[in-house]
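Down below is the structure, laid out as structure tokens.
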Amino acid sequence: NRSLRGKQLPFPYQFENECVVKTLVHDIPEEFKDKPILDFYSALSSSFDKIILLGRKNIDDLTVSFAYQMEEDEKKKRTRNSWHTPYTVDIKNLDIPRWKPEVKKWCTLLQDISIHLNTNITWYEDLYSGNTQYVDKFIKNLEVDLNKKTFYKWVNPDKKLRRQRLPLI
């Protein structure tokens, strides 16, 4: 994240050893606003020994999730403080066409970053599939000392934030 309690952090960032940094493809520091975006990701990635690019295969599901969060922010005048809490959504109430072009642009950018950094994309749908063979392969390819049992708990499909509404009978 580029900010700490609302303050912009100057780039290059100072990281502690053994840290995890999450960024979204459109989170670019001021120092790179007028430069090619791939230059930023090259500079950022050079600070780390492991890079995970996490994406969604299903752009429609991604768009629904993003649209819901953005429209809830607008309705409740909130600032993303509840983006990481479980929710259910009624898709009929979302303005999907409003958000789809931006989401598609980000997905294309993630593909470009993947090619530029020569790093495969890890797909959210696979990681949260409940398929322990896939998760084992992910951990093995990452080449880190990771407690599988603990990691399985974090990527359990029950941990997904969007909850499916069950149809009433």
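In what follows, every heavy atom counts, from backbone to side chain, and hydrogens, waters and symmetry copies are set aside. By convention here, the first residue in the shown sequence is residue 1.
Closest approach of G55 to E125, counting heavy atoms only: O-OE1, 4.1 Å. Scanning all heavy atoms of the two residues, the minimum distance from Q111 to W123 falls at NE2-CH2, 3.7 Å. The shortest non-hydrogen separation linking P157 to Y128 is CG-O, 3.3 Å. What you find for L62 and C107 is that their closest heavy atoms are CD2-SG, 3.6 Å. Contact detail for I51 and T119: the closest heavy-atom pair is O-CG2, 3.8 Å. Counting all heavy atoms, side chain and backbone alike, I28 lies closest to V25 at CD1-O, 3.8 Å.
L142 CG to I139 CD1: the interatomic distance, rounded to the nearest 0.5 Å, is 8.5 Å. In this structure, the separation between OG1 on T23 and CZ on F40 is 5.5 Å, given to the nearest 0.5 Å. One finds the CD1 atom of I37 at 11.5 Å from the OG atom of S42 (value rounded to the nearest 0.5 Å). Atom CG of L53 and atom CG of L110 lie 5.5 Å apart (nearest 0.5 Å). Distance check, rounded to the nearest 0.5 Å: CG of N120 to CD1 of I115 gives 10.5 Å. How far CD1 of I96 is from CD1 of I91: 6.5 Å, rounded to the nearest 0.5 Å.
Contact annotation: the side chain of K57 approaches that of D126 to within less than 4.5 Å [non-hydrogen atoms, C-beta and beyond]. Put simply, the side chain of F66 does not reach to within 4.5 Å of the side chain of T63, judged on heavy atoms. Residues Y152 and N147 are not in side-chain contact: their nearest non-hydrogen atoms beyond the backbone lie 4.5 Å or more apart. Taking the side chain as every heavy atom from C-beta outward, W99 and M70 approach each other to under 4.5 Å. Between K50 and E143 there is a side-chain heavy-atom pair separated by less than 4.5 Å. Taking the side chain as every heavy atom from C-beta outward, K33 and E30 approach each other to under 4.5 Å.
Note on I113: it does not cluster hydrophobically with Y124, by side-chain heavy-atom contacts below 4.5 Å among ILVMFWY residues. Under a hydrophobic-cluster definition in which Ile, Leu, Val, Met, Phe, Trp and Tyr are linked whenever side-chain heavy atoms come within less than 4.5 Å, directly or via other members, I121 and V155 are assigned to different clusters. Follow the hydrophobic side-chain contacts under 4.5 Å out from I52 and you never reach L44; the two are in separate clusters. Criterion: ILVMFWY side-chain heavy atoms under 4.5 Å apart, direct or through other members. Under it, F48 and L54 are not part of a common hydrophobic cluster.
The aromatic rings of F138 and F151 lie parallel to each other, with less than 30° between the two planes, well short of the 60° mark.
K149 NZ: 12 or fewer foreign heavy atoms inside a 6.0 Å radius. Applying the 6.0 Å contact sphere to CG of D95 captures more than 12 heavy atoms from other residues, nucleotides or ligands.
Paired with V64 under the rule side chain to side chain contact (heavy atoms under 4.5 Å, CB included), one option of I59, V103, V89 passes, and it is V89.
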